[in-house]
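Structure first, commentary second.
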2 protein chains.
Amino acid sequence: MAPADAARTRLAPLVEEDSLSLGERAYRRLRDSIVQGALPPGRKISERSLATALGISAQPVREALRRLEQDGMVVTLPRRGTVVAEVGAAQLAELGRIRAALEGVAAALAAERIAAPDLAALGAILARMKAGTEARDTDALDAANEEFHALIHRATGNQFLIRSVGSLRAYDHLGRHRAVGSTPRDLPKALREHQGIVAALRRRDPALAEARMRQHILRSLVTNGVLPAPPQMRNGR
Amino acid sequence: MAPADAARTRLAPLVEEDSLSLGERAYRRLRDSIVQGALPPGRKISERSLATALGISAQPVREALRRLEQDGMVVTLPRRGTVVAEVGAAQLAELGRIRAALEGVAAALAAERIAAPDLAALGAILARMKAGTEARDTDALDAANEEFHALIHRATGNQFLIRSVGSLRAYDHLGRHRAVGSTPRDLPKALREHQGIVAALRRRDPALAEARMRQHILRSLVTNGVLPAPPQMRNGR
DNA sequence: CATGGACATCTGCCATAGCAGTTGGCAGCG
DNA sequence: CGCTGCCAACTGCTATGGCAGATGTCCATG
């Protein structure tokens, strides 16, 4: 990515951050501001004030607020105002369980129609995960983890699934931000789980991939403090 | 909220159809037009032409198209146009499986926090279902079925879940519209499944409620022709 | 002092106008 | 005949302005 080798690599593979629509940028920016705590729950949001603050018009802001409302991050009382939705610990747990189920079906669908190059890419990500686990490099592990799940979601080719899980993953970031210092050192367990998921995908076993993926998400939620004790463990399934 | 009968009827249970925002009305109208086949897949949609056709401005139409895009019903190429998304049989099957998983977690959540009056209401709906099954009244059964699932969704209190499942149920209507005359006469089976779900809810058994609900949705999708053969049956779980 | 009503001011909501890309077609050149 | 470049007509996108409804405040009234 250094500017030096821009001459060699003919293609610019990166997303053009600034060529997106204002509404899209406002949406992402507001989403990040909410999940990072900059906009605390209960905070009143005005279309006009936010528009002037962002230096844009009120329409893109309104569009972004609409999408956030459909994501459940804000609620708007007609003619009265828009406020950041309250997401308590209980609701965060619910959303986590929903995400576990959705990622489960994503794994099942991926097991049915994932292509060989994607499987190879998953193998490469697994290698990076192994190295990152041994080196205790949490940043690299987070990045690899992001790519891992995003690749599986894209492998399903289902837009609805991708959008829904994307919104839910934003909530996951929020939960992680609250219980900071969460991932202590059970990283090897996560690595083994990821390996098991890829193995199920290679076997083209939808049921196994779904079970393992769901269990993986649920366990990670438990270690992050989003979910309490193991709800129901050791059912062989 | 009418000032006259506000003294008599404390609660206004009906939705005020015409007091909704134009964007909301355009959204529902377009959604219905798509799932009923009036707007076939691949049909180009122009914000302006649609606005003039509906007699409103372009903004509410744009807002409705955005929400439909988030639902996956339309796709819009920036600066090029918006078209009704193609939903093939395979994708319809995927969405059905996603809905089965979501309704499963909805049942699990409902089993944990459903209130007594809602349980009683479910019992009443079951009675109506039994009568409708014996009378072969498919219209009444459809209405009761709608209330049944909507009540469970509302019992979870999770807005994200309600919105997501609502969008997916719209696709279900589309699938039913394609394979018309689908529900032949295995209505008693659906009745028994509904009864089993309510029994699990009464026992406050989340895992059982989830399994039964998911199986119920999957079977109904099979009888509607959305899903092919039984994917994986008789795993005791 | 308590109460009710008018007004300024907020909000979300909508209409109009115009911008910047994209596309299809048609004239003009090779 | 085939290709190239321009131009008109789209498209989605954004800015501006103004609408009705809801809220809070202040003054007049009991």
Side-chain angles (χ1 to χ4, degrees), chain A residues 12 15-31 34 39 41-86 159 163, chain B residues 1-4 6 12 15-30 34 39 41-86 159 163:
Chain A
V15 293
E16 307 174 9
E17 182 61 33
D18 47 34
S19 80
L20 293 174
S21 69
L22 293 183
E24 182 70 24
R25 274 187 281 179
Y27 169 71
R28 301 189 182 185
R29 185 159 175 178
L30 284 177
R31 207 166 70 118
I34 291 178
L39 290 178
R43 168 76 138 262
K44 281 196 58 176
I45 294 182
S46 169
E47 293 182 358
R48 282 177 174 76
S49 59
L50 230 175
T52 57
L54 295 179
I56 60 179
S57 176
Q59 244 82 355
V61 174
R62 172 179 170 78
E63 174 179 324
L65 289 179
R66 281 314 204 201
R67 297 177 59 184
L68 287 174
E69 185 180 20
Q70 201 154 10
D71 290 344
M73 288 192 173
V74 303
V75 327
T76 147
L77 298 318
R79 306 281 183 184
R80 293 197 47 181
T82 304
V83 298
V84 179
E86 309 265 355
Q159 287 299 322
R163 291 182 191 279
Chain B
M1 220 55 88
V15 292
E16 307 172 7
E17 182 61 33
D18 47 33
S19 80
L20 293 175
S21 67
L22 292 183
E24 182 70 25
R25 276 187 280 179
Y27 169 71
R28 301 189 182 185
R29 186 160 174 178
L30 283 178
I34 291 178
L39 288 178
R43 169 74 138 262
K44 279 196 56 176
I45 293 181
S46 168
E47 293 182 358
R48 282 176 173 79
S49 58
L50 231 174
T52 57
L54 294 179
I56 61 179
S57 176
Q59 244 82 354
V61 175
R62 171 177 172 79
E63 175 180 322
L65 289 179
R66 281 314 205 198
R67 297 177 59 184
L68 288 174
E69 185 179 20
Q70 203 155 9
D71 290 343
M73 288 192 172
V74 302
V75 327
T76 146
L77 298 319
R79 308 279 183 184
R80 296 196 45 182
T82 304
V83 297
V84 179
E86 308 266 355
Q159 288 298 324
R163 292 181 191 278

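Convention: sequence-line order gives letters A, B, ...; per-chain numbering from 1.
Listed in residue order, the members of residues 62-72 of chain B having a heavy atom less than 4.0 Å from DNA chain C come to none.
Taking only side-chain nitrogens and oxygens, Thr82(A) never comes nearer than 4.0 Å to OP1 or OP2 of dT11(C). OP1 or OP2 of dT11(C) has at least one side-chain nitrogen or oxygen of Ser46(A) nearer than 4.0 Å.
With sequence neighbours left out, Gln70(A) forms a side-chain hydrogen bond (donor to acceptor under 3.5 Å, both in side chains) with Asp71(B). Listed by chain and residue number, Val75(A) satisfy the side chain to side chain contact (heavy atoms under 4.5 Å, CB included) test with Ala85(A) (two or more places apart in sequence, or in another chain). With sequence neighbours excluded, the residues satisfying side chain to side chain contact (heavy atoms under 4.5 Å, CB included) with Arg43(B) are Leu39(B), Pro40(B), Val84(B). Checked against salt bridge (charged side-chain N to carboxylate O under 4.0 Å, His left out), Arg66(B) has the following partners two or more places apart in sequence or in another chain: Glu63(A), Glu69(B). Leu50(A) pairs by the side chain to side chain contact (heavy atoms under 4.5 Å, CB included) definition with Leu30(A), Ile45(A), Leu54(A), Val61(A), not counting sequence neighbours. Scanning for side-chain hydrogen bond (donor to acceptor under 3.5 Å, both in side chains) contacts around Gln59(B) gives an empty result, with sequence neighbours left out.
Counting only residues at least two apart or on different chains, no salt bridge (Lys or Arg N to Asp or Glu O under 4.0 Å) pair has a member in residues 50-59 of chain B.
In this structure, Gly23(B) and Ala64(B) approach most closely via the heavy-atom pair O-CB, 3.9 Å.
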Sequence-aligned protein contact record of nucleotides 16-25 of chain C, with B where the base is within under 4.0 Å of a protein heavy atom and S where only the sugar-phosphate is:
B-B-B-SS--
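Out of dT14(D), dG12(C), dA15(C), the shortest distance to the side chain of Leu22(B) is found at dA15(C).
At whole-Å resolution of the value, CD in Glu47(A) and C1' in dC13(C) are 8 Å apart. Whole-Å rounding puts the Ile45(A) CD1 to dC13(C) C1' distance at 17 Å. Arg25(B) has its CZ atom 13 Å from the P atom of dC13(C), to the nearest Å.
Positionally, the nearest nucleotide of DNA chain D for Lys44(B) lies more toward the 5' end than for the other of Gly55(A) and Lys44(B).
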